[in-house]
Student: 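Below is one structure. I have some questions about it.
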Protein chains: 2
Amino acid sequence: MTAKSSPIRLAVDAVVFGYSKQDGVSVLLIQRKYAPFKNAWAIPGGFVLPGESLEQAVHRELKEETGITVSYLEQLYTFGEPDRDPRQHVVSVAYFCLVKSSQYQELKASTDAANAQWFPIDELPELAFDHAQILTTAIDRVRLKVRYEPIGFELLDRKFSFADLEHLYISLLGRDIDRRNFSRKMLALDILQETDEFAKAEGKGRPSRIYKFNKASYLKQRKQGINFEI
Amino acid sequence: MTAKSSPIRLAVDAVVFGYSKQDGVSVLLIQRKYAPFKNAWAIPGGFVLPGESLEQAVHRELKEETGITVSYLEQLYTFGEPDRDPRQHVVSVAYFCLVKSSQYQELKASTDAANAQWFPIDELPELAFDHAQILTTAIDRVRLKVRYEPIGFELLDRKFSFADLEHLYISLLGRDIDRRNFSRKMLALDILQETDEFAKAEGKGRPSRIYKFNKASYLKQRKQGINFEI
DNA sequence: CCAAAAGTGTTAGTCTTACACCCATGA
DNA sequence: TCATGGGTGTAAGACTAACACTTTTGG
């Protein structure tokens with residue numbers, strides 16, 4: 001391994017999705033401190049250490065750079081064009097992650113992650129490297145996936161109002177959905193558990209009922225291949 | 001970059017699918033000549049060269065090891081467990097490939113690729129490294145994908161009988177399909193072009209009509225999101 | 001003329017979609 | 001009491017799945 005042909009380096013990048021009522025579905029980005037692309041926004045990530053699994057690397061980098069803990073992690077795609085990093089040939093395995101709504105709020109309040117920030121998926125800034133492409137791939141994947149697997153719950157806390165769930169889907173899919181058909185389909189899945197609490201109304205309107213996500217039932221059905229379409 | 005912690009190496013592996021009337025859907029494997037796993041069967045692949053794209057690496061390795069040319073190539077998954085190769089930490093980006101039926105026959109006849117061989121997907125041998133896992137992932141993906149995108153045609157030559165197409169799907173999905181519903185659905189897609197040729201009957205039975213795959217119409221529809229389900 | 005495989009149509013049931021009205025709350 | 005958003009039911013149409021008979025060939 002001589003210096004004249006530097007080896008390929010391996011990195012991971014993590015597209016982190018979060019949700020809040022105010023901002024809708026958002027992505028976590030960090031501001032770069034050094035060249036290249038100094039001060040540009042980028043997807044969190046970094047090099048994989050020898051002996052470390054890819055998922056370990058994602059968790060480690062996210063902890064270091066943002067302090068966040070994810071509730072869902074899935075490999076997205078591996079980006080390997082030789083010129084995607086101007087310094088050297090870096091191949092990056094991209095993941096997409098979902099974090100609970102409570103984590104979303106915590107990060108927003110934290111001063112620790114001063115250079116990390118949420119961006120709604122329809123108001124993204126310019127991005128470093130080929131990160132715009134990675135982000136597009138991630139958004140496409142999540143939009144596709146959420147239609148046949150109920151991963152949306154990973155973005156909400158254990159308890160949530162039906163209205164929240166609906167707004168999440170509207171924000172994620174970027175289009176209106178029929179509230180009546182949506183609720184029928186969701187309830188038919190038998191993975192929601194009704195509680196006798198109600199969301200305290202903000203402003204006008206009838207308060208919506210609070211549900212719990214029944215993860216046990218979800219996992220049981222997942223084994224047999226869940227059927228789910230918005 | 002000192003010697004004490006050897007860097008992670010990056011490889012590609014290619015799961016190549018082929019089809020023939022006699023054997024059904026098969027996978028191309030090569031027999032290893034060296035340790036570890038000497039003489040075991042393995043998926044073709046190898047290290048990525050600095051400055052080379054991942055897809056280039058796949059094409060290069062396939063040419064070197066089997067002489068085959070693929071008609072469809074898609075990234076599958078990246079396998080990165082640190083201990084998947086006993087020698088050192090090797091992360092491998094796996095692809096799946098589809099080759100035309102004519103290529104299938106050529107390889108079978110070739111003496112050049114003496115250590116490459118087709119194995120029907122339901123008669124696979126023991127495999128080196130974690131290649132059994134890669135193969136399972138690939139078969140699952142192809143089975144899923146063939147149901148909502150007509151990639152099956154990439155396994156047939158430009159002209160084929162309807163019976164061939166049906167047998168391909170039966171072999172790939174590993175279950176019977178209803179010939180009448182299948183043909184209706186296929187024809188409704190408007191990507192098949194009837195010819196006035198007929199397959200010469202082998203043994204008994206009415207000869208089946210020869211169709212051409214209308215790639216132009218397929219690509220046109222693909223842009224608008226094709227609808228396809230077996 | 002018989003066996004084997006190809007070709008074609010119909011029907012019941014399920015799922016999807018579109019749509020309208022009543023209910024509970026805050027102002 | 002009115003404006004706002006939450007909650008529920010129904011009916012038309014599309015799609016899926018199941019199924020039987022006729023046609024063409026080789027033996």
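In the text below, chain A, chain B and the rest are named by the order of the sequence lines, each starting its count at 1.
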Student: Could you go over nucleotides 22-27 of chain D and give all protein N or O partners under 3.5 Å, atom names and distances?
Tutor:
| from | atom 1 | to | atom 2 | distance (Å) |
| --- | --- | --- | --- | --- |
| D:dT23 | O2 | B:R206 | NH1 | 3.1 |

Student: Using a strict heavy-atom distance below 4.0 Å, which residues from residues 174-185 of chain B are in contact with DNA chain C?
Tutor: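 Those residues whose heavy atoms fall under 4.0 Å from DNA chain C, taken from residues 174-185 of chain B in numerical order, are B:R179, B:R180, B:R184.
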Student: Salt-bridged, A:K215 to A:E154, with N to O below 4.0 Å?
Tutor: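 Answer for the salt bridge query: yes.
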Student: Using the side chain to side chain contact (heavy atoms under 4.5 Å, CB included) rule, pick out the option among A:D164, A:L172, A:V99 that qualifies with A:Y19.
Tutor: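 Only match with A:Y19 under side chain to side chain contact (heavy atoms under 4.5 Å, CB included): A:D164.
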Student: Would A:D178 and A:R180 pass as an ion pair if we require N to O under 4.0 Å?
Tutor: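 Looking at A:D178 and A:R180, the cut-off is met.
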Student: Could you tell me the separation between the CZ atom of A:F198 and the P atom of D:dG5, rounded to a whole number of Å?
Tutor: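 Taking CZ of A:F198 and P of D:dG5, I get 19 Å after rounding.
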Student: Could you tell me which residues satisfy salt bridge (Lys or Arg N to Asp or Glu O under 4.0 Å) with A:R32, sequence neighbours excluded, listed by chain and number?
Tutor: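 In terms of salt bridge (Lys or Arg N to Asp or Glu O under 4.0 Å), with neighbours along the sequence ignored, A:R32 is linked to no residue.
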Student: Between B:E197 and B:R209 (salt bridge meaning N to carboxylate O under 4.0 Å), is one present in this structure?
Tutor: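 So B:E197 does not pair with B:R209 through a salt bridge.
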Student: Looking only at heavy atoms, which two atoms of A:T137 and A:L76 are closest? And how far apart?
Tutor: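 Residues A:T137 and A:L76, closest heavy atoms: O-CD1, 4.0 Å.
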Student: Please give me every residue in residues 158-170 of chain A whose heavy atoms get under 4.0 Å of an atom in DNA chain C, ordered by residue number.
Tutor: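 The stretch gives none, as no residue of it lies under 4.0 Å from the strand.
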Student: Within the distance-only criterion (no hydrogens, no angle test), does the side chain of B:K212 pair as donor or acceptor with the backbone N or O of B:K159 below 3.5 angstrom?
Tutor: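 A pair under 3.5 Å: no.
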Student: CZ of A:R209 versus C1' of D:dG5: gap in Å, rounded?
Tutor: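 Computing the A:R209:CZ to D:dG5:C1' distance gives 16 Å.
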Student: Between B:R141 and B:E74, is there a salt bridge with N-O shorter than 4.0 Å?
Tutor: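 Salt bridge: yes.
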Student: Just jot down the side-chain hydrogen bond (donor to acceptor under 3.5 Å, both in side chains) partners of B:N181, sequence neighbours excluded, or say none.
Tutor: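 side-chain hydrogen bond (donor to acceptor under 3.5 Å, both in side chains) list for B:N181, sorted by chain: B:R184.
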Student: Please list, chain by chain and in numerical order, all residues satisfying side-chain contact (heavy atoms from CB on, under 4.5 Å) with B:S92, sequence neighbours excluded.
Tutor: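 Here the qualifying residues are B:A11, B:D13, B:R84.
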